[in-house]
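Comments concern the structure below.
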Amino acid sequence: HYAWHTAGGDDIAINVLWLGDDIEINNNSRSEVAGSVDSSTYVWVKWDSAPTPDLVANTLVSMAVVKNDREGQVERTGQASGTLHDHREFQVYSMQRHYQYVPDDAWLLAFGADYRYASAEYESASHVQFAPAFAALGGTTGPRDTVVDLTLQGHQFAAFANLKRRITRRITTEFGLRLDGQEDAYRRDLQFSPRFSLRFEPLRGTAIRYGWGRYSQATGLHELHVFD
């Protein structure tokens with residue numbers, strides 16, 4: 001983490017995070033091998049500025065790379081034969097720009113936009129074969145072969161606006177609208193999400209809140225059940 005404050009009053013921060021796991025198991029009693037190498041790398045840069053006294057801007061640029069590897073392999077002579085290879089790699093690059101405009105203590109306008117590019121690589125190869133006397137073990141009914149090799153790229157974007165207004169000392173309202181979109185090899189979708197909330201304070205220290213809204217969350221490319 002590294003941060004600094006510029007002469008113009010802006011705040012800039014750079015962050016880097018890396019996580020890794022390496023697991024390996026060997027069992028030579030008629031052969032049994034495992035594996036699994038996982039790593040995650042995250043880099044993000046945040047820039048906060050105030051172009052005017054009433055306007056605050058926040059910018060976030062980020063990158064994430066997640067890798068999962070598995071090996072497997074079971075060989076039991078005369079009983080079973082199994083192999084498993086699973087490799088997944090996901091990359092996400094995103095940028096967002098958000099604003100808050102506060103002309104006075106009764107108004108607050110927030111708006112902004114997000115963009116994300118993602119790629120997902122699924123690679124798998126599995127083979128399971130049991131001797132006839134053991135075919136029913138573990139729910140296995142016979143030989144099974146699985147081959148998956150899939151690479152996807154896609155784009156996601158969003159734009160939103162939110163207006164908060166204190167009408168009287170006791171009543172505050174908030175209206176918002178958000179647009180989300182996704183585009184990849186399998187979909188091209190748009191979602192509109194309106195929102196509304198009301199806050200009423202009949203007595204000091206007592207508040208009654210009402211909220212209504214529509215919320216949507218799209219499945220990411222790294223969340224697809226491709227092995228199903």
Side-chain angles (χ1 to χ4, degrees), residues 1-21 38-69 87-103 107-123 150-164 174-197 213-226:
H1 172 78
Y2 180 73
W4 69 93
H5 185 75
T6 67
D10 297 352
D11 293 313
I12 302 175
I14 301 176
N15 304 271
V16 178
L17 176 64
W18 182 85
L19 303 171
D21 289 313
D38 300 327
S39 67
S40 303
T41 304
Y42 305 93
V43 180
W44 67 99
V45 179
K46 188 178 180 183
W47 172 31
D48 298 329
S49 62
T52 69
D54 300 333
L55 183 65
V56 176
N58 307 109
T59 303
L60 180 65
V61 180
S62 64
M63 177 198 75
V65 179
V66 179
K67 297 181 180 181
N68 305 110
D69 297 292
H87 168 77
R88 310 183 193 192
E89 180 174 344
F90 310 112
Q91 299 183 21
V92 179
Y93 304 89
S94 63
M95 181 175 65
Q96 66 181 38
R97 180 74 166 175
H98 295 176
Y99 294 90
Q100 273 197 351
Y101 176 62
V102 187
W107 291 86
L108 188 150
L109 174 63
F111 57 96
D114 303 347
Y115 171 76
R116 174 180 298 179
Y117 168 80
S119 67
E121 179 181 329
Y122 295 91
E123 178 185 347
L150 181 64
T151 301
L152 299 171
Q153 295 90 28
H155 307 269
Q156 294 185 353
F157 62 89
F160 73 93
N162 195 77
L163 178 62
K164 187 175 183 179
E174 189 169 356
F175 300 89
L177 179 64
R178 182 180 176 91
L179 170 67
D180 292 276
Q182 306 84 36
E183 182 177 357
D184 53 50
Y186 295 95
R187 59 186 170 177
R188 193 172 187 177
D189 298 330
L190 285 175
Q191 298 90 35
F192 292 92
S193 303
R195 297 156 193 189
F196 169 75
S197 67
R214 176 183 297 170
Y215 299 86
S216 63
Q217 182 175 355
T219 302
L221 294 181
H222 64 289
E223 300 173 317
L224 300 179
H225 300 285
V226 298

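What you see below is based on every heavy atom in this structure, not just the backbone, and it leaves out hydrogens, waters and symmetry mates.
Gln153 and Asp184 make their closest contact through O-CB, 3.4 Å (heavy atoms, listed as atom of the first residue, atom of the second, distance). Between Asp114 and Arg97, the shortest heavy-atom contact is OD1-N, 4.4 Å.
For the atom pair OH (Tyr2) and CD1 (Ile14), the distance works out to 8.0 Å, reported to the nearest 0.5 Å. A distance of 9.5 Å separates NE2 of His1 from CH2 of Trp44, quoted to the nearest 0.5 Å. Atom OH of Tyr101 is separated from atom CG of Leu108 by 11.0 Å, given to the nearest 0.5 angstrom. Atoms NZ and CG, on Lys46 and Asn15 in that order, are 9.5 Å from each other to the nearest 0.5 Å. How far CD of Glu121 is from NZ of Lys67: 9.5 Å, rounded to the nearest 0.5 Å. In this structure, OH in Tyr122 is found 7.0 Å from CZ in Arg88, a value given to the nearest 0.5 Å.
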side-chain contact (heavy atoms from CB on, under 4.5 Å) evaluation trace for Arg116 with Val92: CA-CA 7 Å; Arg116 174 180 298 179; Val92 179; 3.6 Å; yes

Go through it in stages, so that I can follow the logic: the residues are Tyr117 and Phe157, the test is ring pair (Phe, Tyr, Trp, His ring centres under 6.0 Å), and I'd like the CA-CA distance, side-chain angles, deciding distance and then a yes or no. CA-CA 9 Å; Tyr117 168 80; Phe157 62 89; over 10 Å; no

If you apply the rule side-chain contact (heavy atoms from CB on, under 4.5 Å), what do you find for Ser39 with Trp18, and how did you get there? CA-CA 7 Å; Ser39 67; Trp18 182 85; 4.1 Å; yes

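At most 12 non-hydrogen atoms from other residues, nucleotides or ligands lie less than 6.0 angstrom from CZ of Arg214.
Between the side chains of His98 and Asn58, no donor N or O sits under 3.5 Å from an acceptor N or O. Defined by atom type and a distance below 3.5 Å, a donor-acceptor pair is missing between the side-chain atoms of Gln217 and Tyr215. The closest side-chain donor-acceptor pair between Asp10 and Trp47 falls under 3.5 angstrom.
With sequence neighbours excluded, the residues that form a side-chain contact (heavy atoms from CB on, under 4.5 Å) with Phe111 are Tyr99, Leu109, Ala161. Legend: residues meeting salt bridge (charged side-chain N to carboxylate O under 4.0 Å, His left out) with Arg195, ordered by chain and number and at least two apart, are absent.
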Donor-acceptor pairs are to be reported for all side-chain atoms of residues 174-183 against protein atoms at under 3.5 Å, with residues two or more places apart or in another chain.
unit_1: Glu174; atom_1: OE2; unit_2: Asn162; atom_2: ND2; d: 2.4
unit_1: Arg178; atom_1: NE; unit_2: Asp180; atom_2: OD1; d: 3.2
unit_1: Arg178; atom_1: NE; unit_2: Asp180; atom_2: OD2; d: 3.1
unit_1: Arg178; atom_1: NH2; unit_2: Asp180; atom_2: OD1; d: 3.3
unit_1: Gln182; atom_1: OE1; unit_2: Gln191; atom_2: NE2; d: 3.0
unit_1: Gln182; atom_1: NE2; unit_2: Gln191; atom_2: OE1; d: 2.8

